[in-house]
Novice: 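Below you'll find the structure I mean.
This structure is a prediction, so every number in the text was calculated from the model and none was measured. If you read the sequence from its start, that first residue is 1, and numbering goes on from there.
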Amino acid sequence: MAEVRPFRCIRPDKEAASKVAALPYDVYNRQEAKAIVEKNPLSFLMVDRAETQFDDSVDTYAPQVYERAARTLADWQREGILKEDPEECYYLYELTMNGRAQTGIVACASIDDYQSGVIARHENTREEKELDRIRHVDVTGAHTGPIFLAYRSDEVLDRLVEQIREGEALYDFTSEDGIRHRVWKADQAEQVEAIRKRFGEIPRLYIADGHHRAASAVKVGLKRRAEHPGYTGQEEFNYFLSVIFPDDQLMIMPYNRVVKDLNGLDPAAFLEKVEECFTVEPIGGQGQKADRGGSGGGSGGDNGGDNGGDHARGNAGAAPCQDIQPGCRGQMAMYLGGAWYRLTARPEIRSSDPVKGLDVSLLQDFLLEPVLGIQDPRTDERIQFVGGIRGLQELERLVDGGAAAAFAMYPTSIGELFDVADAGLLMPPKSTWFEPKLRSGLFIHRLDS
């Protein structure tokens with residue numbers, strides 16, 4: 001059963017919260033992050049991406065960068081920008097995007113639960129990506145970016161959340177990308193005990209987003225244990241910062257693919273190869289571009305990040321985005337040669353296996369690898385991943401700008417994610433894109449008492 005405990009939160013002053021709150025550190029490249037902190041010196045990127053405070057000649061991962069992050073965190077506490085609540089409590093964090101809200105419980109999860117599988121993963125991590133956050137957590141002595149966890153919706157927790165939401169919010173602001181953020185504190189003794197007890201009856205939590213941050217937090221906790229052989233297990237370093245959401249409130253967007261070349265094939269020969277495993281039909285007669293009705297805006301780019309946005313261009317006779325976007329499992333859309341095509345997986349390649357049956361697996365196993373020669377999408381530079389928040393027009397922009405083809409996917413469901421994790425399996429990389437993104441800086445967990 002899951003151990004989910006309250007904590008003494010370090011958080012922004014109410015007046016500073018909207019300025020401090022920042023998208024996750026890995027949404028931006030260095031120059032983008034630097035531009036943000038120049039515009040807003042209270043952005044939490046000053047802590048999460050402390051290289052923004054140095055000349056570009058200083059390496060992003062230099063020791064002084066992490067030392068500056070720790071110093072900035074301490075300075076902000078001393079100046080009253082951040083304050084530490086005196087009591088251990090839980091918090092609620094509600095994010096509202098395009099009229100739909102999701103509310104998670106902010107708490108600390110156990111590194112032992114992570115190691116035992118009570119907190120289930122669905123994605124591999126890469127050690128080189130963990131090292132930066134390991135150093136950041138270790139030097140600052142704090143978890144500054146929460147891990148996005150999920151649980152199967154529970155009526156008892158739903159009622160507790162609704163009761164707490166009846167109180168006055170600590171924060172209520174709308175960020176520049178249109179996401180509304182509200183936070184409540186659950187500090188009444190009966191509320192705290194009820195939440196703790198109920199999570200203790202829930203058999204499993206799932207990492208929705210933040211696998212590398214979770215792995216880094218756990219490794220720092222294990223390092224602290226080695227440094228403190230007399231540890232009891234109750235020290236703060238045995239737990240990591242999380243926001244835990246019920247599955248029925250979550251939205252997963254597609255994680256789309258763009259390939260740089262056709263592996264030596266011309267478009268006609270490529271289409272013939274595709275048709276061996278997928279039916280191919282033009283969308284809009286002979287294949288059309290998307291109009292401006294697609295998804296756009298929202299938060300967070302990927303591959304260095306350019307903050308979402310709608311990159312659509314006017315196009316006479318364009319097909320509506322709802323006609324292009326895949327409508328069911330086993331279906332995807334391909335943009336090739338200035339036109340869209342619907343691909344449907346043939347029955348003989350479909351699978352009931354939790355991983356092999358995923359659409360991203362069908363694309364990888366029966367098209368990207370055998371036709372285009374992309375064997376390892378984690379390392380092959382010929383493939384690019386594009387979060388669904390950017391819309392179909394971003395795929396068109398990339399292909400029209402020189403890439404060979406793009407694939408718009410049907411989103412992986414939260415049920416599929418749970419099935420994979422429960423089976424002890426792992427999804428292919430870049431299978432899920434969650435929106436909206438949790439902000440960093442609203443909740444900070446100190447590792448050392």
Side-chain angles (χ1 to χ4, degrees), residues 2-12 17 20-27 43-50 65-74 76-77 81-85 88-93 104-115 119 121 125 129-150 183 185 199 205 207-225 227-228 231 233-245 437-449:
E3 182 181 5
V4 173
R5 67 186 232 171
F7 68 109
R8 292 175 59 188
C9 183
I10 299 171
R11 58 185 180 86
V20 170
L23 284 165
Y25 74 97
D26 53 356
V27 162
S43 168
F44 203 70
L45 291 174
M46 290 277 284
V47 175
D48 266 355
R49 296 292 295 271
V65 170
Y66 302 101
E67 293 164 4
R68 177 67 63 86
R71 190 159 63 249
T72 300
L73 196 58
W76 283 8
Q77 287 185 259
I81 298 168
L82 300 174
K83 59 182 181 181
E84 184 172 16
D85 283 333
E88 291 185 345
C89 53
Y90 296 103
Y91 301 81
L92 301 184
Y93 182 17
I105 296 172
V106 186
C108 283
S110 164
I111 68 173
D112 289 324
D113 284 349
Y114 178 95
Q115 290 190 291
I119 298 175
R121 297 172 287 165
T125 58
K129 289 189 67 175
E130 295 174 18
L131 290 176
D132 167 52
R133 287 303 101 174
I134 288 172
R135 293 173 187 142
H136 193 277
V137 172
D138 198 23
V139 175
T140 62
H143 299 130
T144 59
I147 313 306
F148 187 157
L149 300 181
V183 172
K185 181 192 285 189
F199 270 117
L205 303 177
I207 298 178
D209 199 10
H211 282 79
H212 285 91
R213 274 172 283 147
S216 301
V218 169
K219 287 183 177 180
V220 173
L222 296 176
K223 177 176 180 289
R224 289 284 204 280
R225 285 181 173 183
E227 294 167 348
H228 301 82
Y231 76 91
Q234 295 304 305
E235 298 86 355
E236 292 300 324
F237 57 72
N238 295 288
Y239 301 86
F240 58 88
L241 179 64
S242 306
V243 186
I244 315 170
F245 292 89
K437 300 295 184 189
L438 308 183
R439 269 22 181 205
S440 295
L442 293 177
F443 315 98
I444 301 162
H445 172 233
R446 187 160 49 87
L447 271 66
D448 303 306
S449 301

Novice: Quick one: does E3's side chain get under 4.5 Å of F199's, heavy atoms only?
Specialist: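 In short, these two side chains do not touch, never coming nearer than 4.5 Å.
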
Novice: Run H445 and C108 through side-chain contact (heavy atoms from CB on, under 4.5 Å) and show every step you take.
Specialist: CA-CA 8 Å; H445 172 233; C108 283; 3.5 Å; yes

Novice: Checking side-chain contact (heavy atoms from CB on, under 4.5 Å) for the pair N238/Y231: CA distance, chi angles, key distance, verdict?
Specialist: CA-CA 9 Å; N238 295 288; Y231 76 91; 4.1 Å; yes

Novice: For P146 and L438, which heavy atoms make the closest approach, and how far apart are they?
Specialist: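 Nearest heavy atoms, P146 then L438: CG-CD1, 4.1 Å.
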
Novice: Could you pull out the closest heavy-atom pair between S242 and L149, with the gap in Å?
Specialist: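 Closest heavy-atom pair between S242 and L149: OG-CD1, 3.5 Å.
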
Novice: Is E236 salt-bridged to R446, going by a charged N under 4.0 Å from an acidic O?
Specialist: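 R446 and E236: not salt-bridged.
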
Novice: Heavy atoms, side chains only, cut-off 4.5 Å: are D85 and R8 in contact?
Specialist: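 D85 vs R8: side chains apart.
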
Novice: Taking all heavy atoms of H143 and all of A217, pick out the closest pair and write down the distance.
Specialist: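 Shortest heavy-atom separation between H143 and A217 comes out as NE2-CB, 3.6 Å.
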
Novice: A side-chain contact here means heavy atoms from C-beta on lying under 4.5 Å apart; do F44 and L73 qualify?
Specialist: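 The answer is yes, as the side chains (C-beta and beyond) meet within the 4.5 Å cut-off.
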
Novice: Calculate, to the nearest 0.5 Å, the distance between atoms CD1 and OH belonging to I119 and Y114 respectively.
Specialist: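 One gets 9.0 Å once the value is rounded to the nearest 0.5 Å.
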
Novice: Please tell me if the side chains of L92 and I105 come closer than 4.5 Å, counting only heavy atoms from C-beta onward.
Specialist: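 Counting from C-beta outward, L92 and I105 do come under 4.5 Å.
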
Novice: Regarding E227 and K223, does a basic nitrogen lie under 4.0 Å from an acidic carboxylate oxygen?
Specialist: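 Here E227 pairs with K223 in a salt bridge, since their nearest N and O are under 4.0 Å apart.
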
Novice: Quick check for you: to the nearest 0.5 Å, what is the distance between R11 atom CZ and F443 atom CZ?
Specialist: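 With rounding to 0.5 Å, CZ (R11) is 9.0 Å from CZ (F443).
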
Novice: Mind running side-chain contact (heavy atoms from CB on, under 4.5 Å) on Y93 and R439 for me, showing each step along the way?
Specialist: CA-CA 10 Å; Y93 182 17; R439 269 22 181 205; 3.5 Å; yes

Novice: Tell me the closest heavy-atom pair linking A107 and V4, and the distance in Å.
Specialist: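 In this case the closest contact between A107 and V4 is CB-CG1, 3.4 Å.
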
Novice: Where do F245 and F148 come nearest, in terms of heavy atoms and distance?
Specialist: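 Taking F245 first and F148 second, the nearest heavy atoms are CD1-CE2, 3.4 Å.
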
Novice: Any side-chain heavy atom of L241 within less than 4.5 Å of one from V106?
Specialist: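 Yes; the side chains approach each other to less than 4.5 Å.
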
Novice: Indicate yes or no for a side-chain donor-acceptor contact from R5 to the backbone of Q234 under 3.5 Å, with no hydrogens or angles considered.
Specialist: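 Yes, R5 side chain to Q234 backbone: donor-acceptor pair under 3.5 Å.
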
Novice: Taking R224 first and then E235, would you say they form a salt bridge - that is, a charged N and a carboxylate O separated by under 4.0 Å?
Specialist: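 E235 and R224: not salt-bridged.
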
Novice: P12 and side chain to side chain contact (heavy atoms under 4.5 Å, CB included): which partner among L442, I81, V183, I444?
Specialist: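 It is L442, the one option of L442, I81, V183, I444 that forms the side chain to side chain contact (heavy atoms under 4.5 Å, CB included) with P12.
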
Novice: Taking the side chain from S43 and the backbone from L45, do they hold a donor-acceptor pair closer than 3.5 Å?
Specialist: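 Such a contact is found between S43 side chain and L45 backbone.
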
Novice: Could you tell me the separation between the CD1 atom of I147 and the NE2 atom of H212, rounded to the nearest 0.5 Å?
Specialist: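 So the gap between those two atoms works out to 11.5 Å.
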
Novice: Under a 4.0 Å N-O cut-off, is there an ion pair linking D26 with K129?
Specialist: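 No, no charged N to carboxylate O under 4.0 Å.
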
Novice: Any side-chain heavy-atom pair from I10 and Q77 closer than 4.5 angstrom?
Specialist: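 Counting from C-beta outward, I10 and Q77 do come under 4.5 Å.
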
Novice: With a 4.0 Å cut-off on N to O distance, would you call R133 and D48 a salt bridge?
Specialist: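 Yes, charged N to carboxylate O under 4.0 Å.
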
Novice: Within this structure, what is the CG-CG distance for the pair D138 and L131, rounded to the nearest 0.5 Å?
Specialist: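 Between D138 CG and L131 CG, I get 12.0 Å after rounding to 0.5 Å.
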
Novice: Taking the ring of F7 and the ring of Y239, is the distance between their centroids below 6.0 Å?
Specialist: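 No; F7 has its ring centre 6.0 Å or more from that of Y239.
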
Novice: Between T125 and E130, does any side-chain donor sit less than 3.5 Å from a side-chain acceptor?
Specialist: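 Short answer, yes.
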
Novice: Under 6.0 Å between the ring centres of Y25 and H136?
Specialist: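 No, too far apart.
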
Novice: Any chance CZ of R121 has more than 12 other-residue heavy atoms, nucleotides or ligands included, within less than 6.0 Å?
Specialist: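 Not more than 12 within 6.0 Å, no.
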
Novice: Show the nearest heavy-atom pair for residues S440 and G145, with the distance to one decimal.
Specialist: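 Nearest pair, atom of S440 first, then G145: OG-CA, 3.7 Å.
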
Novice: Can you confirm whether I111 sits close enough to F240 that some side-chain heavy atom of one is under 4.5 Å from a side-chain heavy atom of the other?
Specialist: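 Yes, their side chains come closer than 4.5 Å.
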
